[in-house]
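Structure, as structure tokens:
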Amino acid sequence: MSIIREHNITLYGKNDVVLKPLTDEHLPMLYQWNSDIEVLYWSEGDDVVEPYDKATVDLIYGSVSQNAFCFLIEKENIPVGECWLQKMNISSISDRYPKEVDIRRIDYCIGAKEYWGKGIGTECLQMLVEFAFDGQNTDILYIMPYDYNIRSIRMIERAGFQLEEKKPVPDSKKAKYELLYKMTRDEYKKIEEQQGV
């Protein structure tokens with residue numbers, strides 16, 4: 001039985017960035033990236049001090065993929081990270097809206113450190129935003145970085161997301177706040193108009 005629920009959607013970006021369906025055959029890479037403490041420092045809000053074991057990685061991707069489109073990020077045919085567009089799984093957020101409102105969240109991680117700072121995250125984020133609003137009819141989209149991840153915050157703000165809330169993170173050595181960034185369908189359409197899309 002598969003750990004990761006598969007889908008058949010592939011997204012193509014501009015600069016040789018492709019988002020391919022994440023499958024069980026990618027698990028060895030996911031184990032590798034999730035065993036790197038430096039990668040986990042940036043990708044996880046918790047104060048992770050030990051690599052994730054295989055059972056933890058299987059649980060994360062197995063459970064998330066049940067309600068998400070999980071993708072492998074490739075740059076020029078080289079796997080460099082993973083990302084997903086997930087149905088909102090945090091009730092304190094989804095409970096703010098009527099049940100018929102489609103609320104999603106984006107998560108991403110560039111696991112191959114040699115590809116950090118090369119614009120791949122920006123490209124990936126643009127692709128997922130477009131897929132959410134144009135491909136999935138999402139109404140509201142969230143991204144939830146932590147305050148110490150300045151590069152990710154800048155990228156999110158450049159993409160047009162607005163800060164909705166700062167949630168205190170108690171007992172963390174690296175994060176004071178989890179930041180809730182939001183974009184609505186109307187805001188996305190305005191950005192598209194401004195860019196002449």
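All residue numbers in this chain count up from 1 along the given sequence. Please read all numbers here as calculations on a predicted model, not as lab measurements.
The stretch residues 150-159 participates, sequence neighbours left out, in no salt bridge (charged side-chain N to carboxylate O under 4.0 Å, His left out) pair at all. Annotation: salt bridge (charged side-chain N to carboxylate O under 4.0 Å, His left out) contacts involving residues 123-137, sequence neighbours excluded, comprise D134-K189. The stretch residues 110-122 participates, sequence neighbours left out, in these salt bridge (charged side-chain N to carboxylate O under 4.0 Å, His left out) pairs: D36-K113, E38-K113. For the ring pair (Phe, Tyr, Trp, His ring centres under 6.0 Å) condition, the pairs that include at least one residue of residues 152-193, sequence neighbours left out, are F133-Y188.
Residue G160 comes nearest to I191 through the heavy atom pair CA-CD1, 3.8 Å, listed as atom of the first residue, atom of the second, then distance. The heavy-atom pair separating K166 from P168 by the smallest distance is O-CD, 3.6 Å. Of all heavy-atom pairs between S92 and K167, the closest is OG-NZ, 4.0 Å. Across all non-hydrogen atoms, the minimal contact from M183 to E187 is CA-OE1, 3.3 Å. Closest approach of M144 and I93 over heavy atoms only: SD-CD1, 3.8 Å. Smallest separation of non-hydrogen atoms from W33 and A112: NE1-N, 3.7 Å.
Atoms CD1 and SG, from I106 and C124 in turn, are 8.0 Å apart once rounded to the nearest 0.5 Å. Of the inter-residue distances, the one linking L19 atom CG with L128 atom CG reads 5.5 Å to the nearest 0.5 angstrom. Distance CG/D107 to CD1/I143: 8.5 Å, rounded to 0.5 Å. Here the straight-line distance linking atom CZ of R105 with atom OG1 of T138 works out to 14.0 Å at 0.5 Å rounding. Interatomic distance, Q126 CD to N15 CG, rounded to the nearest 0.5 Å: 9.0 Å. Atom-to-atom distance recorded for Q136:CD and R104:CZ is 5.0 Å, nearest 0.5 angstrom.
Residue V64 is not grouped with residue I90 when hydrophobic side chains (ILVMFWY) are merged at heavy-atom distances under 4.5 angstrom, including chains of intermediate members. At a threshold of 4.5 Å between side-chain heavy atoms, the hydrophobic network of Ile, Leu, Val, Met, Phe, Trp and Tyr places I140 and L179 in two separate groups. Both L141 and I9 belong to a single network of hydrophobic side chains, linked directly or stepwise wherever heavy atoms of I, L, V, M, F, W or Y lie under 4.5 Å apart.
By the 4.5 Å heavy-atom criterion applied to side chains, I103 and K87 are not counted as neighbours. Contact check for N137 versus R185: side-chain heavy atoms found under the 4.5 Å cut-off. Residues M88 and S94 form a side-chain contact, since some pair of their non-hydrogen atoms from C-beta on lies under 4.5 Å apart. With a 4.5 Å cut-off on side-chain heavy atoms, V39 and C109 count as touching. The shortest side-chain heavy-atom distance between L180 and L163 does not fall under the 4.5 Å cut-off.
Side-chain N or O atoms of W116 include one that pairs as donor or acceptor with a backbone N or O of I110 at under 3.5 Å. Checking side-chain atoms of D139 against main-chain N and O of V101 turns up no donor-acceptor pair under 3.5 Å.
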Expected list for residues 65-73: side-chain donor-acceptor pairs under 3.5 angstrom, two or more places apart:
from	atom 1	to	atom 2	distance (Å)
S65	OG	R5	N	2.9
S65	OG	Y61	O	2.8
S65	OG	G62	O	3.1
Q66	NE2	G62	O	3.0

Give every donor-acceptor pair under 3.5 Å between a side-chain atom in residues 24-31 and any protein atom, sequence neighbours left out.
from	atom 1	to	atom 2	distance (Å)
D24	OD1	I3	N	3.3
D24	OD1	I4	N	2.8
D24	OD2	I3	N	2.8
H26	ND1	T23	N	3.0
H26	ND1	T23	OG1	3.4
Y31	OH	D58	OD1	2.7

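If you chain together ILVMFWY residues whose side-chain heavy atoms come under 4.5 Å of each other, V18 ends up grouped with Y12.
By the side-chain contact (heavy atoms from CB on, under 4.5 Å) test, I78 pairs with V80, Y115, sequence neighbours left out. Contacts of K182 classified as side-chain hydrogen bond (donor to acceptor under 3.5 Å, both in side chains), with partners at least two apart in sequence or in another chain: Y97, E164. Take D16 and apply the salt bridge (Lys or Arg N to Asp or Glu O under 4.0 Å) test, not counting sequence neighbours, and it matches no residue. In this view, E74 and K20 satisfy the salt bridge (Lys or Arg N to Asp or Glu O under 4.0 Å) rule, not counting sequence neighbours. Under the side-chain contact (heavy atoms from CB on, under 4.5 Å) criterion, S35 pairs with P51, sequence neighbours left out.
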Q: Applying side-chain hydrogen bond (donor to acceptor under 3.5 Å, both in side chains), run through W42 and N149 and close with a yes or a no.
A: CA-CA 7 Å; W42 297 106; N149 198 340; over 6 Å; no
Q. Does the pair W84 and Y108 meet the rule for a side-chain contact (heavy atoms from CB on, under 4.5 Å), with working shown?
A. CA-CA 6 Å; W84 61 66; Y108 48 83; over 6 Å; no
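Between the side chains of Y146 and S172, no donor-acceptor pair is found at a separation under 3.5 Å.
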